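Structure first, commentary second.
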Amino acid sequence: MTVDRELFVRHPANPILTAADWPSTVNVVFNPAAVEVAGETVLLARVEARTGISHLTVARSPNGVDQWRIGPEPLLAPRAGVDGEEWGFEDARAVWVEELGTHVITCTAYGHAGPAVFLATTEDFDSVERVGIVVAPEDKNAALLPERVGGKWILFHRPTSGFASARAGIALSRSSDLRSWSAPEVVMQPREGAWWDSMRIGIGPPLLKTAHGWLLVYHGVKETVAGPIYRVGLALLDLEEPTRVLHRTPGWVLGPHESYEREGDVPNAIFPCGLIHDSASGQLRLYYGASDTSICLATGALDDVLETVLAAPAGR
Ligand code: BMA
């Protein structure tokens, strides 16, 4: 049985954060990581300055919807003279890693060789420890699993190469030290032809562990004559061997519909980077960037999401 209604419901307060909420003049705020820290919701937002270059700044709220307190300084901003980060940091994901007692942040560092995967750690989102670029360009959309699988850390990411095609897909690499990563193994590819996810796909938020598998919320891109459309789909990966795609929804579960998703710097883009699961209520909060312009929230029930994805066929 699939759930025959919208799995994710947009919050009536959307967009919950825009450039107008920022203490300084910025172009746009979007694509935030989301975690809970000391009972508060912490977003690590991509802030694009009026230079075109992005940095990552923290916004905290007691309820994850409003009363946001924006950090006075960026948590992660490019350092002068560092080639690999000259054009900024983009699209963070953050995950609490119990074994290490720290949050691990992964984001895109944008430098002269292209976008690369950058890794940093933080306990409180007040300061960060930079590990640095851990996967070479061109690569982005990275997140760590919160625990080791088969004794190794697992990093999901999206390498792009001119080899097979530019239709890039989701891969994973394994590591013992979070610094040195194995060659990418394919997890999931774009579909072909007219499919909604036929151009490129990438992970959304860090994957969520469930009894049925790792829940993957991903973005898929379709190229059209009017430009790309970014939508959101679901998959479930094997807990012990996460390259195995147990289920993948044929259709998208969230696509641009509201005016704030249809209009902006990059129209028709929904780009989720944060997912918070409240285990007491079973509710999911999905934080996403809308049209590369604002930050939005949609909520859903984990049980409904699982029912839908479990009814979907397998497929990479
Ligand atoms: C992707 C990323 C995202 C962005 C999206 C739509 O390639 O760069 O940061 O939101 O494109 O422009």
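None of these values were measured; they are calculated from a predicted model. Ligands are counted one by one from 1 in listed order, and the atoms in each one are counted from 1 as well.
- Of all the atoms in ligand 1, the ones that sit under 4.0 Å from a non-hydrogen atom of Asn31 are 3 (C), 4 (C), 9 (O), 10 (O).
- Arg69 and Asp21 are not joined by a salt bridge, as no carboxylate oxygen comes within less than 4.0 angstrom of a charged side-chain nitrogen.
- Atom 9 (O) of ligand 1 has as its closest protein heavy atom Asp91 OD2, 2.5 Å.
- Considering only non-hydrogen protein atoms, atom 12 (O) of ligand 1 sits nearest to Asp292 OD2, 2.7 Å.
- Using cut-offs of 30° and 60° on the angle between ring planes, the pair His219 and Phe271 is tilted.
- Note: Trp196 and Trp252 have perpendicular aromatic rings, judged against thresholds of 30 and 60 degrees for the angle between ring planes.
- Listed by atom number, the atoms of ligand 1 under 4.0 Å from Lys140 heavy atoms are 2 (C), 7 (O), 8 (O).
- In terms of protein heavy-atom proximity, atom 11 (O) of ligand 1 is closest to Tyr230 OH, 3.0 Å.
- For the pair His219 and ligand 1, no heavy-atom separation below 4.0 Å is found.
- Residues His112 and Trp87 place their aromatic rings such that the two centres sit under 6.0 Å apart.
- A distance of 6.0 Å or more separates the ring centres of Tyr110 and Phe89.
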